[in-house]
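Report on the structure given below.
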Amino acid sequence: MAVPWALRAQELLANDWNVSADVWSVTSWGELRRQADEVTEHNLLHPEEEPQIPYVTSRLQDADGPVVAVSDWMRAVPDLIAPYAPHGLYSLGTDGFGLSDTRPALRRHFHVDAESIVVRTLASLADWGQLDRSVVVDAVQKYQVREVQAAPADDRSDPSPAT
């Protein structure tokens with residue numbers, strides 16, 4: 001579950017960059033996709049009716065900024081809803097590789113740790129023209145996201161129990 005790192009990223013965005021962000025939890029990317037596909041098929045087969053809007057589209061259509069989808073599974077999983085994200089989305093995930101290292105280092109490697117989520121969010125805002133790219137450069141340096149071993153191991157960014 002990537003929610004703890006997304007919540008930590010939300011804190012870092014607010015405290016370090018004065019950027020507010022909403023965090024939503026998705027219980028099933030697949031169910032969101034299936035419902036959206038059903039709506040699309042309904043609209044295709046009933047052109048005489050007012051088109052229905054997929055649930056995920058209705059929830060994301062008023063977003064003030066980019067959507068960053070984070071999963072501790074393959075990034076292809078949140079990509080399932082990409083066709084229905086009206087403003088697009090950026091996916092982060094572990095891509096199913098099995099590697100041996102500490103959990104914080106692995107999350108950093110796959111860019112699903114809080115600091116990497118912050119950098120992706122800032123980069124997305126820069127893509128949208130909402131902030132200067134120099135802020136992204138500063139965040140990459142501040143959090144050392146290019147350095148796998150620099151990932152913090154504190155409890156707030158590593159919600160897994162100590163072993």
Side-chain heavy-atom pair [X], [Y] within 4.5 angstrom cut-off:
X	Y	result
K142	D16	yes
L12	Y143	yes
L60	W24	yes
F110	R75	no
L89	V68	no
D72	V112	no
W5	D113	no
Q10	L7	yes

At their closest point, which heavy atom of [X] faces which heavy atom of [Y], and how far apart are they?
X	Y	answer
Y55	L32	CD2-CD2, 3.8 Å
V56	Y84	CG1-CB, 3.6 Å
V3	S25	CG2-OG, 3.8 Å
A151	P104	CB-O, 3.3 Å

Tell me if the CG atom of N15 is crowded by more than 12 foreign heavy atoms within 6.0 Å.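 Enclosed: over 12 neighbouring heavy atoms sit under 6.0 Å from CG of N15.
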
May I ask you to check whether H42 and E49 show a side-chain donor-acceptor distance below 3.5 Å?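 Indeed, the side chains of H42 and E49 share at least one donor-acceptor pair under 3.5 Å.
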
Is [Y] paired with [X] through a side-chain N to carboxylate O contact shorter than 4.0 Å?
X	Y	answer
E147	R108	no
D138	R133	no
R120	D127	yes
R33	D37	yes

What's the verdict on side chain to side chain contact (heavy atoms under 4.5 Å, CB included) for T40 and L44, showing C-alpha distance, side-chain angles and the deciding distance? CA-CA 6 Å; T40 299; L44 175 68; 5.7 Å; no

Is a donor on one side and an acceptor on the other found under 3.5 Å between the side chain of N43 and the backbone of Q52?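 Pair found, side chain donor or acceptor close to backbone of Q52.
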
